[in-house]
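Step one of this worksheet: look at the structure below.
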Amino acid sequence: MKLPFSYYQNPDVIFLAKDLLGKVLFTEIEGETTAGIIVETEAYFGAHDKASHAYGNRRTDRTETLYSEGGISYVYLCYGIHHLFNIVTSVKDEPHAVLVRAVEPLIGKEVMEARRKMPFTKPAISAGPGSAAKALGIDRTFNKKDLTGEEIWLEDHGIRYPENQIAAVPRVGVAYAQEDAFLPWRFFVKGNKYVSKPNKFDPQD
DNA sequence: CCAGCGATCGCCT
DNA sequence: GGCGATCGCTGGA
């Protein structure tokens with residue numbers, strides 16, 4: 001059930017971003033297990049993507065994690081407040097990654113409610129990358145973790161969404177990436193209430 | 001060494 | 001819908 005290390009080695013980060021919808025993201029922190037179904041992702045196409053921290057093969061202390069082999073987590077602080085969780089994919093030195101933007105609470109809902117101070121019936125509990133990470137208890141200490149380990153991992157529960165239920169639209173908050181800002185590399189489950197706000201519904205529907 | 005800013009969120013109007 | 005919070009990373013001095 002736990003996704004094997006090989007799953008993350010796939011060189012096609014766009015495929016993986018879409019394939020990760022429906023997979024279940026787990027954390028175990030101080031004996032408390034929480035998990036959510038991934039319902040929204042964004043692909044970041046490494047060195048060739050102006051929206052990526054690793055654009056142009058930029059290497060700094062922060063981006064070094066992105067050059068790990070697939071199956072490692074990349075967590076960083078955004079706006080001084082929010083922790084954003086990414087899944088590093090592909091082979092070593094190919095800095096591809098998938099940002100998890102929203103999850104649907106599945107296991108440990110009470111724990112998530114305490115972390116977020118709101119009932120799990122409120123979509124805001126885990127809609128949006130900062131909220132999803134907080135609900136699952138993910139912070140900076142989760143950077144560079146093995147995603148097949150005992151603290152954070154993913155499972156395949158056989159959840160599959162038909163093609164026509166998945167929207168592919170431009171990514172959020174990457175206007176600075178110029179022409180790359182228009183690439184349809186944000187994927188989400190249409191109509192799922194835990195999907196983050198911007199363009200919750202496919203404009204074509 | 002330090003000023004500017006970000007893959008956001010929640011509160012206020 | 002508008003805006004302030006808040007801090008590590010980044011690149012230029």
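Chain identifiers are assigned alphabetically (A, B, ...) following the order of the sequence lines, protein sequences preceding nucleic acid strands; residue numbering begins at 1 within each chain. The shown structure was predicted, so the numbers you read here are calculated from the model rather than taken from an experiment.
Residues A:Y44 and A:Y55 do not share a hydrophobic cluster, defined by chaining ILVMFWY side chains whose heavy atoms lie under 4.5 Å apart. Under the 4.5 Å side-chain heavy-atom criterion for ILVMFWY residues, no single connected hydrophobic cluster contains both A:I72 and A:V75.
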Given the rule in the ring-ring contact (aromatic ring centres under 6.0 Å, His included) test, do A:F45 and A:H96 qualify, once you have shown the distances and angles that lead to the verdict?
CA-CA 5 Å; A:F45 197 67; A:H96 292 178; 4.8 Å; yes
Let's go through A:K50 and A:E179 carefully: what are the C-alpha distance in whole Å and the side-chain angles of both, what is the deciding distance for salt bridge (Lys or Arg N to Asp or Glu O under 4.0 Å) to 0.1 Å, and is it a yes or a no?
CA-CA 8 Å; A:K50 289 187 178 177; A:E179 72 274 16; 3.1 Å; yes
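Listed by first and then second residue, the ring pair (Phe, Tyr, Trp, His ring centres under 6.0 Å) pairs involving residues 98-117 of chain A amount to none (not counting sequence neighbours). Pairs of residues two or more places apart, or lying in two chains, never qualify as salt bridge (charged side-chain N to carboxylate O under 4.0 Å, His left out) while including a residue from residues 120-133 of chain A. Among residue pairs with one or both ends in residues 160-179 of chain A, none qualify as ring pair (Phe, Tyr, Trp, His ring centres under 6.0 Å); sequence neighbours excluded. Counting only residues at least two apart or on different chains, the ring pair (Phe, Tyr, Trp, His ring centres under 6.0 Å) pairs with a member in residues 135-154 of chain A are A:F26-A:W153.
The side-chain heavy atoms of A:D146 and A:F5, taken from C-beta on, include a pair separated by under 4.5 Å. Side-chain contact between A:D180 and A:V174 is absent, with no heavy-atom pair separated by less than 4.5 Å.
There is no side-chain donor-acceptor pair under 3.5 Å between A:S126 and A:R116. Side-chain atoms of A:R101 and A:S196 include a donor-acceptor pair closer than 3.5 Å.
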Please list each protein N or O that sits under 3.5 Å from an N or O in nucleotides 11-13 of chain B, with the distance.
none

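For NE2 of A:H48, the number of neighbouring non-hydrogen atoms (other residues, nucleotides, ligands) closer than 6.0 Å is 12 at most. Atom NZ of A:K134 is surrounded by 12 or fewer heavy atoms from other residues, nucleotides or ligands within 6.0 Å.
Stem analysis of DNA chain B (Watson-Crick or G-U pairs, both distances under 3.5 Å, runs of at least three) returns B:1-6 with C:7-12, B:8-12 with C:1-5.
A:R62 comes within contact range of the sugar-phosphate backbone alone, with a heavy-atom separation under 4.0 Å but no base atom that close. Residue-level contact check: A:T63 touches the backbone only, with heavy atoms under 4.0 Å from sugar-phosphate atoms and none from bases.
When DNA chain C is scanned in the 5' to 3' direction for atoms under 4.0 Å from non-hydrogen atoms of chain A, the outermost contacting nucleotides are C:dA5 to C:dG11.
The residue among A:Y176 and A:A124 whose nearest nucleotide of DNA chain B lies closer to the 5′ end is A:Y176.
Shown for residues 131-139 of chain A: residues whose heavy atoms fall under 4.0 angstrom of DNA chain B, namely A:S131. For the contact set between residues 48-60 of chain A and DNA chain C, defined by any heavy atom under 4.0 Å, the members are A:R58, A:T60. Listed by residue number, A:R101, A:R116 are the residues of residues 101-120 of chain A with a heavy-atom contact under 4.0 Å to DNA chain B. Less than 4.0 Å separates DNA chain C from at least one heavy atom of each of the following residues of residues 78-86 of chain A: A:Y79, A:G80, A:I81.
In this view, A:Y76 and A:H53, A:Y74 satisfy the ring-ring contact (aromatic ring centres under 6.0 Å, His included) rule, not counting sequence neighbours.
Look at CZ on A:R140: it is 14 Å from C1' on B:dG6, rounded to the nearest Å.
Residue A:K190 comes nearest to A:N164 through the heavy atom pair NZ-O, 3.1 Å, listed as atom of the first residue, atom of the second, then distance.
A distance of 11.5 Å separates CG of A:N192 from CD1 of A:I166, quoted to the nearest 0.5 Å.
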